[in-house]
Amino acid sequence: GNWHEVHTGVAVYGVGAGMNTSSGDNVKCMFSFTDTARVKFATLSDKDIQSYVDSKEPMDKAGSYGIQGIGGQLVESMVGDFFTVM
């Protein structure tokens with residue numbers, strides 16, 4: 001199994017009169033942040049990988065797995081916040 005990093009970013013914007021932006025569009029970033037978690041996959045056989053692909057779960061995932069779903073069974077270890085990965 002290999003380690004990888006998952007980065008999540010959030011930006012909250014305010015919209016409306018009084019935002020006083022230089023562009024005059026009344027949209028302003030109020031705050032933003034990022035978080036990173038490290039994830040280690042278990043050692044997977046070709047059969048394990050094919051079974052996961054056959055489940056169709058990875059087909060709509062940015063990183064091809066959902067830790068909150070079947071993909072969580074592929075994870076051996078994690079350092080960081082679960083919701084950063086989810």
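A quick note: this is a predicted structure, and the numbers were derived from the prediction, not measured.
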> Is any side-chain heavy atom of M59 less than 4.5 Å from a side-chain heavy atom of V53?
Replying inline: yes
> Is the backbone N or O of S51 less than 3.5 Å from a side-chain atom of D54, with the two atoms forming a donor-acceptor pair by type?
Replying inline: no
>> Please check if the number of heavy atoms outside D46 that lie under 6.0 Å from its CG is greater than 12.
In response: no
>> If I take atom CG from residue D48 and atom CD from residue Q73, how far apart are they, to the nearest 0.5 angstrom?
In response: 10.0 Å
>> For K40, give me all partners under salt bridge (charged side-chain N to carboxylate O under 4.0 Å, His left out), at least two apart in sequence or on another chain.
In response: E76
>> Return the CG to CD distance between L74 and E57, rounded to the nearest 0.5 Å.
In response: 8.0 Å
>> Side chains of N2 and F41, heavy atoms from C-beta outward: is any pair under 4.5 Å?
In response: no
> Among all residues two or more places apart in sequence or in another chain, which pass the side-chain contact (heavy atoms from CB on, under 4.5 Å) test with V79?
Replying inline: W3, R38
> A37 and G80: which non-hydrogen atoms are nearest, and at how many Å?
Replying inline: CB-CA, 4.1 Å
> Between the side chain of S32 and the main-chain N/O of A11, is any donor-acceptor distance below 3.5 Å?
Replying inline: no
>> With a 4.5 Å cut-off on side-chain heavy atoms, are Y65 and V85 touching?
In response: yes
> From L44 CG over to Y52 OH, what is the distance, rounded to the nearest 0.5 angstrom?
Replying inline: 10.5 Å
>> Contact between T84 and T36 at the side-chain level, heavy atoms closer than 4.5 Å - yes or no?
In response: no
>> Other residues, nucleotides and ligands only: do more than 12 of their heavy atoms fall within 6.0 Å of CZ on F82?
In response: yes
>> Let me check something: do V12 and F33 share a hydrophobic cluster, defined by ILVMFWY side-chain heavy atoms less than 4.5 Å apart, either directly or through other members?
In response: yes
